[in-house]
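Counting convention: from 1, in listed order, for ligands and their atoms alike. What you see is a predicted model, and the numbers here were worked out from it, not measured in a lab. Values below: all heavy atoms of this structure, side chains included; hydrogens, waters and symmetry mates excluded.
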Amino acid sequence: MKTPLIVANWKANKTVEEAEEWLTTIQNSEFRIQNSTEVVVCAPYVDLLVLKEQFSILNSQFSIHLGAQDISQFEDGAYTGEITGRMLKDLVEYVIIGHSERRKYFQETDDILKAKVEKALKFGLKPIYCLSETEMMIPQGVEIVAYEPLSAIGSGNPDSPENADLVAGKIKEKQTAKVLYGGSVKPANTQAFVQMENIDGLLIGGASLKAGDFLEIIKNAV
Ligand code: PGA
C-alpha cells in the first residue's frame, strides 16, 4: 500500500495567530494523523518558527512535516528580502519550487528555478517541483513533482483523475519521482485522485486553509 504525501500550500494566507488557531483545531480533533500518510504544511515564512515549535510538541501524536513555499536562488548576502536555503534548513524539510503563481507573478524562469532547486538540495531540503505541462523542464535531483494544470488551480474545476494519472505516468517516464496532483482538490474528490496508480499524493491550496477540510482530505486519502 502506498503512503500518500499530502501537502498543504497556504499561499499568502494566515498570520501567526491564524496559524496557531488552525493547529489548535487539528490538535483538538479526534482524528490522529498517523504514519499511513505523510503530511506536509507549506506555510508563509513568518509562520514557520511557531509551527515548528508546535509540531515538535505534537510529534508523538501526529506525523506532520513543515515546508516553505519558496527559496532564494542566492545564498546569504546582499539580497534584500530574500530567504536563503541556509536560513530554511533547520526550519523545514520541504520547499515548493516553481509554483505557477511564482512563474506568473514573479517571472520565475527555468534558469531561476534550476538555481532554486540547486540551493534546496545543497541545504538538504526536498524540493516539491510544480509544473502544469509534461513538456516543462524538471531540474536534476528533483524527487517530488506536482502536476497542477493552470485551469484547475483555485477554480473549482479539477482535472479528471484519469487524465491526471496519465500525465503523472508521462512525468514518471521522464524522471524518477513521486508525482502529486494539485488543483481544486477537495475532501470529496481526494479518494478518486489518490487511488490512481501514478498519483502519489496531493498538493492542496484553498482546501488546506480550513483545518477541518484538511483533516477530511487526510482521512479520505488513507
Ligand atoms: P487549489 O490550489 O487547491 O486552491 O486549487 C492548488 C495549488 O495552487 O497548489
#### Entry: Basic-acidic side-chain contact under 4.0 Å: Lys219, Glu216
yes

### Expected output: side-chain Lys178 to main-chain Ile144 donor-acceptor under 3.5 Å
no

### Task
Return the orientation label for the Trp10 and Trp22 ring planes: parallel under 30°, perpendicular over 60°, tilted otherwise.
perpendicular

### Message
If the condition is ring pair (Phe, Tyr, Trp, His ring centres under 6.0 Å), which residues does Tyr79 pass it with, not counting sequence neighbours?
### Response
Phe74

### Query
Below 4.0 angstrom, N of the basic side chain to O of the carboxylate: do Lys14 and Asp47 qualify?
no

### Message
Taking non-hydrogen atoms within less than 4.0 Å of ligand 1, which protein residues qualify?
### Response
Asn9, Lys11, His99, Glu148, Ala152, Ile153, Gly154, Gly183, Ser184, Leu203, Ile204, Gly205, Gly206

### Message
Within the 3.5 Å criterion, strictly below it, is a donor on Glu38 or Tyr94 matched to an acceptor on the partner's side chain?
### Response
yes

